[in-house]
Amino acid sequence: MRLPNSAHTSRPWRIHELTRDFRLEDVWALPTAGGRDDFPRLVQLIASFDPLRSSSAAIRTLFAIRRSVGELLGSPRCCPSTRCT
């Protein structure tokens, strides 16, 4: 779920000191309660995401293009379905 930028900028996080010249693009809520015990669930959720098998044709297409361009440029493939090389 997309959140207002203030959901990030209003927090007293140290990252703000390191990223003063960055522009915040968007803020999203992840499906986790955010406690320490929920961190493994968040990691599993991110690690299990396979954009090439997404139900969204747009996501599948964009990641296929990304992978193809990366191969043309000699970039390593870091996509769950292709393993990093």
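If you're wondering where the values come from, they're calculated on a predicted model, not measured in any experiment. Scope of the values below: all heavy atoms of this structure, side chains included, with no hydrogens, waters or symmetry mates.
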Please round to the nearest 0.5 Å and tell me the distance separating atom CZ of Arg60 and atom CG of Asp50. 11.0 Å
Just jot down the ring pair (Phe, Tyr, Trp, His ring centres under 6.0 Å) partners of His16, sequence neighbours excluded, or say none. His8
In chain order, what residues pass the side-chain hydrogen bond (donor to acceptor under 3.5 Å, both in side chains) check against Asp37, with sequence neighbours excluded? none
Report the residues that fulfil side-chain hydrogen bond (donor to acceptor under 3.5 Å, both in side chains) with Arg14, sequence neighbours left out, ordered by chain and then residue number. Glu17
The criterion is side-chain contact (heavy atoms from CB on, under 4.5 Å); which residues satisfy it with Ser56, sequence neighbours excluded? Ser54, Ala58, Ile59
Under 4.5 Å side-chain heavy-atom separation, chaining through any Ile, Leu, Val, Met, Phe, Trp or Tyr, what else clusters with Leu73? Say none if it is isolated. Ile65, Val69
Apart from Leu62 itself, residues in the same hydrophobic cluster as defined by side-chain heavy atoms under 4.5 Å: none
Can you name the closest pair of heavy atoms from Ser48 and Leu45 and give their distance? OG-O, 3.1 Å
Sorted by chain and residue number, the side-chain hydrogen bond (donor to acceptor under 3.5 Å, both in side chains) partners of Glu25 (sequence neighbours excluded) come out as Arg23
For Arg11, all residues meeting salt bridge (Lys or Arg N to Asp or Glu O under 4.0 Å), sequence neighbours excluded: none
Got a sec, which residues hit side-chain contact (heavy atoms from CB on, under 4.5 Å) with Asp26, two or more places apart in sequence or on another chain? Arg2, Trp28
Excluding sequence neighbours, so at least two apart, what forms side-chain contact (heavy atoms from CB on, under 4.5 Å) with Ser55? none
Residues in side-chain contact (heavy atoms from CB on, under 4.5 Å) with Ala64, at least two apart? Leu52
Smallest heavy-atom separation, Ile15 atom then Thr19 atom, equals O-OG1, 2.7 Å
